[in-house]
2 protein chains.
Amino acid sequence: MDTYKKPSPEIETPAVCRSCEARHGGICSTLTVSQLVELNKYSARRRIDAGNEVIGQGENVSSYSNILKGVVKLSKMMSDGRQQIVGLQFAPDFMGRPFLGESTITAEAATETEVCTFPRSVVDRMVAEVPEMEHKLYDQSLKELDEARDWMLTLGRKTAQEKVASFLYLILSHIDPESDHRSTFDLPLSRADIADFLGLTIETVSRQMTKLRKDGIIIIENNRHVIVPDSDRLREAAGID
Amino acid sequence: MDTYKKPSPEIETPAVCRSCEARHGGICSTLTVSQLVELNKYSARRRIDAGNEVIGQGENVSSYSNILKGVVKLSKMMSDGRQQIVGLQFAPDFMGRPFLGESTITAEAATETEVCTFPRSVVDRMVAEVPEMEHKLYDQSLKELDEARDWMLTLGRKTAQEKVASFLYLILSHIDPESDHRSTFDLPLSRADIADFLGLTIETVSRQMTKLRKDGIIIIENNRHVIVPDSDRLREAAGID
DNA sequence: CGCGTGATTGATGTCCTTCAAAGAGGGTGG
DNA sequence: CCACCCTCTTTGAAGGACATCAATCACGCG
């Protein structure tokens with residue numbers, strides 16, 4: 001982590017960026033060291049408690065963020081209160097467009113979350129300078145589009161049982177990518193959130209969870225902690241393939 | 001078609017592009033005349049009958065297309081036959097990524113459709129040369145992401161009545177943008193397609209259509225032709241705002 | 001301990017599906 | 001030109017999956 005070799009000039013990677021996931025897979029991976037230093041001047045780290053909106057009320061509304069830790073839920077609400085979660089963002093995802101667009105989406109921390117925020121203007125300038133950065137953003141939006149469309153199939157055509165299994169499988173594959181073995185994780189969402197994500201009610205989610213438990217597909221501890229003995233069985237229950 | 005005037009140098013806008021929607025709002029609007037000429041060398045126009053896949057079977061699978069006319073439906077299918085339409089594309093939308101990605105989406109002409117296809121390699125090269133082109137593509141993917149998420153709310157939280165009204169409103173706003181007045185249009189989708197788009201059955205779609213008709217919100221002629229006397233009432237029925 | 005929030009479980013209701021049949025064009029061939 | 005058929009759509013009756021309403025449980029905290 002501290003390979004100090006200093007190619008030639010006096011600039012080096014900002015300390016906060018060194019262990020940052022975004023510096024690797026994320027947006028910042030497209031930047032040179034000097035660009036990273038520049039961006040870092042204007043960036044700020046923030047911690048967001050579960051249930052709070054990501055858009056800092058004191059902060060400038062027009063800002064972008066990288067998720068460093070935690071899970072953020074993107075949701076849409078109808079005027080009568082009906083709500084639908086339309087996406088989950090994990091580290092090191094980039095968030096930014098959702099806020100300002102015509103499409104009214106709210107971003108809220110599902111778990112305790114840490115983000116790195118930048119003023120919109122600085123990032124916009126860098127995007128103009130660094131084509132790879134826009135490419136990376138484009139790439140993420142395509143990934144999100146794929147995920148959204150996958151979820152449309154889940155929402156429109158799957159049974160409650162398959163929906164809940166699909167959700168568990170989604171979390172599983174984000175927590176523990178490529179797991180053919182026994183896995184264990186904490187759910188980042190409450191039952192109410194899961195219901196809003198799946199287009200169901202809390203009660204139905206609960207019932208389907210206990211059914212999956214009784215079928216031996218999952219083991220539940222403390223309401224939030226889940227063990228998946230065999231991810232293939234979960235996949236099957238989710239109607240995938 | 002053969003207006004040979006030659007401004008000053010020897011290049012000019014290809015004839016086929018002149019009246020093309022994509023040259024204006026679409027992807028090609030970012031290109032210079034010479035780039036357009038270059039791209040046009042490798043492009044081909046194709047007519048696709050309703051119900052046929054957009055990916056030409058004889059054509060190279062890895063190709064991009066602009067929609068010139070008609071409506072294309074993007075859909076996903078489960079192994080047991082359940083199907084969900086995850087998006088509709090209208091002229092002058094660009095299509096290209098859907099095919100090759102990991103996410104298995106099939107693109108099929110909903111109506112008689114005309115497309116302008118390009119080999120993937122040529123477009124990829126141009127995207128690398130022209131940052132505005134990538135910007136345009138990025139922009140479209142963000143637009144599609146918004147639409148997908150809007151639809152997730154529809155799929156997850158709206159009633160059958162609201163779903164059907166939402167679909168009609170979607171078509172209305174694509175056919176006749178900004179219409180506060182009486183509008184009339186042909187549905188680009190069959191009842192079966194509408195059902196697959198809304199996550200419903202054919203019968204339910206039919207029932208809700210007749211209900212909307214009996215409530216005076218729409219007038220139906222010949223199963224496909226729809227008249228909307230008051231788009232605000234339709235909006236309301238769709239649960240929008 | 002009592003309270004509050006979130007989750008589970010049960011009883012009942014309802015919206016949408018499923019199954020079934022009939023109606024409405026549209027094209028073909030006699 | 002009309003009979004026939006094919007596909008798409010509509011309409012009806014019955015059933016089921018999920019929602020709603022309501023009570024209980026489980027855990028954490030003052």
Side-chain angles (χ1 to χ4, degrees), chain A residues 49-51 73 78 80-85 108 110-112 154-168 186-215 218-226 237 239, chain B residues 49-51 73 78 80-84 110-112 154-168 186-215 218-226 237 239:
Chain A
D49 288 326
K73 55 185 194 201
M78 295 173 65
D80 62 1
R82 281 177 285 177
Q83 198 171 14
Q84 176 70 43
I85 293 180
E108 192 176 304
T111 65
E112 184 182 304
T154 300
L155 288 173
R157 288 304 185 196
K158 291 190 184 176
T159 65
Q161 176 82 204
E162 290 169 329
K163 283 183 178 181
V164 172
S166 294
F167 168 74
L168 293 171
D186 280 322
L187 292 177
L189 268 58
S190 68
R191 296 291 187 275
D193 282 340
I194 297 172
D196 278 343
F197 195 27
L198 296 170
L200 298 171
T201 59
I202 305 177
E203 295 93 326
T204 301
V205 171
S206 182
R207 275 184 250 272
Q208 299 305 330
M209 293 276 276
T210 63
K211 183 160 192 312
L212 287 172
R213 179 167 52 73
K214 285 180 179 167
D215 292 350
I218 58 172
I219 300 163
I220 305 178
E221 290 171 356
N222 292 340
N223 289 340
R224 285 282 188 137
H225 195 73
V226 175
Chain B
D49 289 325
K73 56 185 194 198
M78 295 174 65
D80 62 2
R82 280 178 286 177
Q83 199 171 11
Q84 176 69 44
T111 65
E112 184 182 304
T154 300
L155 288 173
R157 288 304 185 197
K158 291 190 184 175
T159 65
Q161 177 81 206
E162 291 170 328
K163 282 182 178 181
V164 171
S166 294
F167 168 73
L168 293 172
D186 280 321
L187 292 177
L189 267 57
S190 68
R191 296 291 185 275
D193 282 340
I194 297 172
D196 279 343
F197 195 28
L198 296 170
L200 298 171
T201 59
I202 304 177
E203 295 94 326
T204 301
V205 170
S206 182
R207 275 184 252 271
Q208 299 304 331
M209 293 277 275
T210 62
K211 182 158 192 316
L212 287 172
R213 179 168 51 73
K214 284 179 180 167
D215 291 350
I218 57 172
I219 300 163
I220 305 178
E221 291 172 353
N222 292 339
N223 288 339
R224 286 281 188 139
H225 195 73
V226 176

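All heavy atoms count here, side chains included; hydrogens, waters and symmetry mates do not.
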Residues at least two apart in sequence or cross-chain that pass side-chain contact (heavy atoms from CB on, under 4.5 Å) with A/S206, listed by chain then number, are none

Contacts of A/N222 and A/G199 projected onto DNA chain D by closest heavy atom; the upstream (5') one is A/G199

Result for 5'-nearest mapping on DNA chain D, choosing between B/K214 and A/Q161, is B/K214

Return the value, rounded to whole Å, for the distance between atom [atom1] of [X] and atom [atom2] of [N].
| X | N | atom1 | atom2 | value |
| --- | --- | --- | --- | --- |
| B/L198 | C/dC15 | CG | P | 18 Å |
| B/L155 | C/dC16 | CG | C1' | 15 Å |
| B/K158 | C/dC15 | NZ | P | 18 Å |
| B/E221 | C/dG25 | CD | P | 12 Å |
| B/E162 | C/dC15 | CD | C1' | 13 Å |
| B/R191 | C/dG25 | CZ | C1' | 13 Å |
| B/E203 | C/dT18 | CD | P | 8 Å |
| A/L189 | C/dA7 | CG | C1' | 15 Å |

Scan the side chains in residues 186-194 of chain A for donor-acceptor partners under 3.5 Å anywhere in the protein, sequence neighbours excluded, and list what turns up.
{"residue": "A/D186", "atom": "OD1", "partner": "A/H225", "partner atom": "ND1", "Å": "2.8"}
{"residue": "A/S190", "atom": "OG", "partner": "A/A192", "partner atom": "N", "Å": "3.4"}
{"residue": "A/S190", "atom": "OG", "partner": "A/D193", "partner atom": "N", "Å": "3.2"}
{"residue": "A/R191", "atom": "NH1", "partner": "A/N223", "partner atom": "O", "Å": "3.0"}
{"residue": "A/R191", "atom": "NH2", "partner": "A/N223", "partner atom": "O", "Å": "2.9"}
{"residue": "A/D193", "atom": "OD1", "partner": "A/K73", "partner atom": "NZ", "Å": "2.9"}
{"residue": "A/D193", "atom": "OD2", "partner": "A/K73", "partner atom": "NZ", "Å": "3.0"}

CG (A/N222) with more than 12 external heavy atoms under 6.0 Å
no

Minimal heavy-atom distance between B/A110 and B/A50, with the atoms involved, is O-CB, 3.5 Å

Ordered by number, residues from residues 204-212 of chain B within less than 4.0 Å of DNA chain C (heavy atoms) are B/T204, B/R207

Once rounded to the nearest 0.5 Å, what's the spacing between atom [atom1] of [X] and atom [atom2] of [Y]?
| X | Y | atom1 | atom2 | answer |
| --- | --- | --- | --- | --- |
| A/L212 | A/L168 | CG | CG | 6.5 Å |
| A/T201 | A/R207 | OG1 | CZ | 7.0 Å |
| A/T210 | A/D215 | OG1 | CG | 9.0 Å |

For B/E203, the side-chain hydrogen bond (donor to acceptor under 3.5 Å, both in side chains) test, sequence neighbours excluded, returns none

DNA chain D: first to last nucleotide in contact with chain B (atom under 4.0 angstrom from a heavy atom), 5' to 3', is D/dT9 to D/dA13

Could you go through residues 154-162 of chain B and list every donor-acceptor pair under 3.5 Å that involves a side-chain atom there, pairing it with any protein atom two or more places apart or in another chain?
{"residue": "B/T154", "atom": "OG1", "partner": "B/D150", "partner atom": "O", "Å": "3.4"}
{"residue": "B/R157", "atom": "NE", "partner": "A/Q83", "partner atom": "O", "Å": "2.7"}
{"residue": "B/R157", "atom": "NH1", "partner": "A/L200", "partner atom": "O", "Å": "3.1"}
{"residue": "B/R157", "atom": "NH2", "partner": "A/A195", "partner atom": "O", "Å": "3.0"}
{"residue": "B/R157", "atom": "NH2", "partner": "A/D196", "partner atom": "OD1", "Å": "2.9"}
{"residue": "B/R157", "atom": "NH2", "partner": "A/L200", "partner atom": "O", "Å": "2.9"}
{"residue": "B/K158", "atom": "NZ", "partner": "B/S166", "partner atom": "OG", "Å": "3.1"}
{"residue": "B/K158", "atom": "NZ", "partner": "B/A238", "partner atom": "O", "Å": "3.0"}
{"residue": "B/T159", "atom": "OG1", "partner": "B/E162", "partner atom": "N", "Å": "3.2"}
{"residue": "B/T159", "atom": "OG1", "partner": "B/E162", "partner atom": "OE1", "Å": "3.4"}
{"residue": "B/Q161", "atom": "NE2", "partner": "B/Q208", "partner atom": "OE1", "Å": "2.4"}
{"residue": "B/E162", "atom": "OE1", "partner": "A/R82", "partner atom": "NH1", "Å": "2.8"}
{"residue": "B/E162", "atom": "OE1", "partner": "A/R82", "partner atom": "NH2", "Å": "3.4"}
{"residue": "B/E162", "atom": "OE1", "partner": "B/T159", "partner atom": "N", "Å": "3.0"}
{"residue": "B/E162", "atom": "OE2", "partner": "A/R82", "partner atom": "NH2", "Å": "2.8"}

